[in-house]
Amino acid sequence: MSRNRTLIMIASLLLLLPPLAFIFQATTGDKDFCGTWCPRMFYAIRNGAGLKEIAGGIMRAYMGVALVVGAIVSTFYLGRYWCSHLCPIGGAGELGSKLIPDRLKLDYSSIPAAPVRYGYLGVYLAAPLLGVGSLCCNYCNFAAVPNLFGAAFVQADMAYFFRAYGVINLVLFILLAVVAKGGRAYCNFLCPVGALDAISSRLGMKFGKRVNVVEHLCNGCGKCTDVCPTWAINMGSTAKIDQLSCMPCHQCEKICPEGAICYGKTA
Amino acid sequence: MSVKTLLVFIVSVAIFTLAATYRFHDSAHAMGVIKKGGGMARHPALLDKDRDSYILIATAGVVPPYQGNARVVLEGDPGLTATFHNSEPVLDLGIHRHPEFRNNTYYDLRPRDRIALWVKIKRNQVTAQKQASTALIRQPETTTLPPSTQCEHENKGAATVAIEQNNYARPSTNPEGKPPESLNAGEQEAARKDRGQGSSTESGSRWRGKGSGAKPAKGPAVAFYDAATNEPLLRIPIRFTGGTGGGVNDH
């Protein structure tokens, strides 16, 4: 699976994004993540919402609920494969960044990802609950990327980018994904699904499989930190992997000359 | 937890809270129901009055037993023009049925269908400003001329259009942007009309062909009508905000 990761990401793009959007058309008849498949809106609960309204939100986006629950459960046992292999939004950013020369890329690795990500998630959940506003929909990678893929074909998708939020989302996607080193800064900072998934990854690290460092084999050369798209590896005398940020892309495993990184149950 | 981590967290929360609270009113999303006898939107679409173009996203479900063809129009303000774009799959695989949209009409809507319509709204700024300027400049002049020599249709029409336009666009100033205090008598009269305070019989509804009754004009709205019977199916009011008067009429 790790060997074919790029192919899996391309397949995910073809199956989930325009022009084909096969998964949506074959199941619910939607055309993208907006609607039944929305993986974000059902947990952005508005101030004063009763149980009926919350249940209504879950029912409206039942496929999105299934997607998020499925991702969280699978992550608990296997690691963040949804984020690393299957998510077409993260995949689009990472594949896009492969087309950009390295010298033009922005390196965000000096910014600690977890506090930004959980600052975002905290506001994402609290702002609508407190009635001060919402990050949902207006700043949405799950809306922006499919519209970007569809804009060349459908005027409604193009119209998305004729408004301030469309432009902002496009700029965020370009700056934090396409021209970012590793192509995953958007996932690392601004994705609420990724943030929830990362919590599951951390909580399940004792029970499931993760990418681990065999400390006595690690010589601290630091090659793994250079290739990690989510800057999840901290280098001391040996490498240490932060399971809150790690996606099992296996780049570190491939590049390690000592074979000190492997995917499996934590010892 | 290091100081850097804590600082980054606090700064992130501040930035994202600001982002969550700030609204760009060049676009709005309105949800509603298409219903026999007239469905309603959950809330009006709020847009900033000072912009030249807007995007309105209208999503709606079809409530049984309605079935038929639905025509979509932007009505209530001749200073605005709209183009409609139905949100549909790029390549329709034909697995699920989607109502067809052409010539601003949804064909073969059926119960429980869902539609998503992107409405690109543009303000006819040049025309509207020109008309408004013409109306305001000519207004004192027309009152002094005998009725037989007045170009009544043209002037009243222009004034009405200007009034309608200003109801939504510039309620407290004239087209040159002067504050109300610095306007001359004729301009003040126009400004009063702009704010809906005038007692003129030019109530703004004449351009719709509804006569010059006292009933104030309805505001702009994206409206769905049954193509066969012209029965209203859904009305999404648009409210322009951001100033006194707000461009809000009755809804």
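Here is the naming used below: chain letters follow the sequence lines, and residue numbers restart at 1 for every chain. All of these numbers come straight from a predicted model, not from anything done at the bench.
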Among [options], which residue has the highest count of heavy-atom pairs closer than 4.5 Å to chain B?
| options | result |
| --- | --- |
| A:F162, A:Y124, A:Y118, A:Y120 | A:Y120 |
| A:D30, A:V116, A:I168, A:V154 | A:V116 |
| A:I111, A:L20, A:V132, A:D32 | A:V132 |
| A:G133, A:P19, A:A26 | A:P19 |

Interface moiety of [X] toward chain A, non-hydrogen atoms closer than 4.5 Å:
| X | value |
| --- | --- |
| B:Y22 | backbone |
| B:R97 | neither |
| B:L6 | neither |
| B:L93 | both |
| B:H98 | side chain |

Looking only at heavy atoms, which two atoms of [X] and [Y] are closest? And how far apart?
| X | Y | value |
| --- | --- | --- |
| A:T27 | B:H96 | O-NE2, 2.9 Å |
| B:V90 | A:G150 | CG2-CA, 4.1 Å |
| A:G119 | B:S12 | CA-CB, 4.4 Å |
| A:F22 | B:I95 | CE1-CD1, 4.4 Å |
| B:V13 | A:V123 | O-CG2, 3.7 Å |
| B:K4 | A:P112 | CE-CD, 3.9 Å |

[options]: which one forms the most heavy-atom pairs within less than 4.5 Å of chain A?
| options | result |
| --- | --- |
| B:F24, B:F84, B:Y54 | B:F24 |
| B:A14, B:A116, B:S53, B:A19 | B:A19 |
| B:H85, B:K120, B:R114, B:H29 | B:H85 |

Would you mind checking which part of A:Y160 comes under 4.5 Å of any heavy atom in chain B, side chain (CB onward), backbone (N, CA, C, O), both or neither?
-> both
Structural part of A:A127 lying under 4.5 Å from a heavy atom of chain B = side chain
Just by modelled atom types, is the B:L91 backbone N or O under 3.5 Å from a matching donor or acceptor in the A:Q25 side chain?
-> yes
